[in-house]
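We name chains A, B, ... by the order of the sequence lines, and we start the count at 1 in each one.
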2 protein chains.
Amino acid sequence: MRFHIALVGFGNVARRFARLLDESRDALQALDIDPVIVGIATRRHGAVFNAAGLGTSALNECLRLADAGHAVGPAFSEPAAGELIRQLGKLDSEARVMIETTTLNVQSGEPAISHVRAAFAAGAHVITANKGPVALAYRALADEAARRGLSFLFEGAVMDGIPVFNLVRETMPATTIHGFRGVINSTTNHILCALERGEDYNAALKRMQDEGIAEADPSLDVDGWDAAAKVAAMANVWLDANITPRDVVREGLTPQCQSRAVAARTSGRRLKLVGAASRRGTTLAATVGLEELPGDDPLATLDDQANAIEIHSTPLGRIVITQRDGGMEKTAYALLTDLVTMRRRL
Amino acid sequence: MRFHIALVGFGNVARRFARLLDESRDALQALDIDPVIVGIATRRHGAVFNAAGLGTSALNECLRLADAGHAVGPAFSEPAAGELIRQLGKLDSEARVMIETTTLNVQSGEPAISHVRAAFAAGAHVITANKGPVALAYRALADEAARRGLSFLFEGAVMDGIPVFNLVRETMPATTIHGFRGVINSTTNHILCALERGEDYNAALKRMQDEGIAEADPSLDVDGWDAAAKVAAMANVWLDANITPRDVVREGLTPQCQSRAVAARTSGRRLKLVGAASRRGTTLAATVGLEELPGDDPLATLDDQANAIEIHSTPLGRIVITQRDGGMEKTAYALLTDLVTMRRRL
């Protein structure tokens, strides 16, 4: 089955995804998935569109240009994303897909939420690695997708490519989820591990920025906003919470945490930034905060960029899924798994 | 969709499954699954069959009888399982399902393997919590199922109801698995934790037997056979290994492990019985053995009956799935998830 794909956002994740599609062509063919990238829209580096598909050489040229910080093509007269989505909607296609990877605005969720709405209006399925839509507008967007018979998938929004939403949806049918807790922000976990070792807070933060792991605005990580967005996303999907990141009781990291981190480690414990939510009847609690965990807590063993989420359910009790190795490539893989989910549904 | 189900084996897991089907009726209805138990075959406690379905009161009577150690009904003139499977095959049905939960024979895989073959011959799908068929005859049985267009599912064979086979099959498409390692036997892990605390080996083993966690023959657990069967099962499914438990290099537990367990714990490490397999090119290594793990290894944090498996793949790197709470009910849930998988396929 042919999937006509429009890439809205063309940063590291989207570019890695374009390459992964090519590398995975045999595996995708075995799954009857024939992906055709028809266009790219960026905020400041132009846009391209070809109804027949960009083709390998044009796509490679776009990748080369974007890697070097150049525009991928001439800008549309309209805002690029909106125009590309309109063009996608005009295609005669079995499966139109918008892949949204723009930068998160944790207060508004924009422009991602508008992109998702525009895609649905154009009859396109949506795959996003952006936490905004699911953290700020999950219920409305999921309802809209269901009404139109379209998919709204976002595996990459939490824990890169490690199955989180897929784990629950595909492998835990007929369970009731009561809550979850996790270490879900790599930058703050790296900083806390560095502080334990007596290293400098700002140096550790800078390493994460240099590696492209930290958000462009580091306060999104260290003030707990990224973790709060992830907590809101999972609470919305699993606990029917209908909250936004602002509803999450939130604590962040400061250089002053160092003495606490060192003291915890010395006594066999670990200081971790834990995101959690739980539901008891009609009461929902959602938090991001520093906790001193006993050494044998599965969340306590997470070093540097490792992440984990513990899910509490009936009848499975507590299960934990752990990502020991993070990275951009894994988020790109999450987009690919969403494409596979979509194929299974169609 | 109606599923005509024959229960071959009616021990704790099968009985819990029969009750779980009833408790989950609403959730199953939402998934368009209408399960009808048409028969039960046991080795020594008789058999029942009713082509129209046993019905609630007859099933409840069977549960009451079996809980009390009595026969569920008059024995068939033939061996009960074979006769029940033949009757199942004669039913006019969209979906015939045999659910196999007999006791494991780790050397031969019998009688489970014969039951699976008979079910396929009768046009029935197979769900089993028995490690034997997948540990000793996976390739032949999977090929046979594929030829006949039938399902062969066994989520409950490893880590109770925690998604292991489902995790890989449903949420990790287009990955290459290079290997895995895990703590996958609850009895030996409970004993090792007890030894660390200075407790007695035989008392710890007896606790697991009293709770129904240990196998009837404790050597299956303490000599590493149960773990070897699970390693063979996962290696056969994920690494195309085509091995049996006898091909797994195997080390077990003895009371003499205590000093090593205590010494490891004292130095911040944990002594664990680790099952592992990996493939490099055409070379496959499969082992069960005692390892002293550093305290921050995710496998080192597992207490008592907790289990975990770390899977190594491209592009996901190392991911770990951990079961913090084990138990019979979870194995019964695994059988239910296999029924859901089957429904999605049909």
Do you know which of B:Leu31, B:Asp297, B:Ile162, B:Thr341 has the most heavy-atom pairs under 4.5 Å to chain A?
B:Ile162
Among B:Glu292, B:Glu291, B:Glu196, whose salt bridge (Lys or Arg N to Asp or Glu O under 4.0 Å) with B:Arg270 holds?
B:Glu196
By a 4.5 Å heavy-atom criterion (distance strictly below it), what part of B:Glu310 contacts chain A: side chain, backbone, both, or neither?
side chain
Taking B:Val164's backbone N and O only, do any of them form a donor-acceptor pair with B:Glu155's side chain (distance below 3.5 Å, no angle check)?
yes
Using non-hydrogen atoms and a 4.5 Å limit, figure out which bit of A:Asp160 sits close to chain B: side chain, backbone, both or neither.
neither
Measure distances from B:Glu170 to the heavy atoms of chain A and classify the residue's part below 4.5 Å as side chain, backbone, both or neither.
both
Which portion of B:Asp303 sits near chain A, non-hydrogen atoms under 4.5 angstrom
side chain
A:Leu302 versus chain B, the contacting section by heavy-atom distance below 4.5 Å:
neither
Against chain B, label A:Arg344 side chain, backbone, both or neither, depending on which of its atoms sit under 4.5 Å from a heavy atom there.
side chain
Expected output: side-chain B:Arg318 to main-chain A:Thr322 donor-acceptor under 3.5 Å
no
Among B:Leu20, B:Thr337, B:Leu316, B:Thr301, which residue forms the greatest number of heavy-atom pairs with chain A at distances under 4.5 Å?
B:Leu316
Side chain from CB out, backbone as N, CA, C, O: work out which of these in B:Leu28 comes under 4.5 Å of a heavy atom of chain A, or both, or neither.
neither
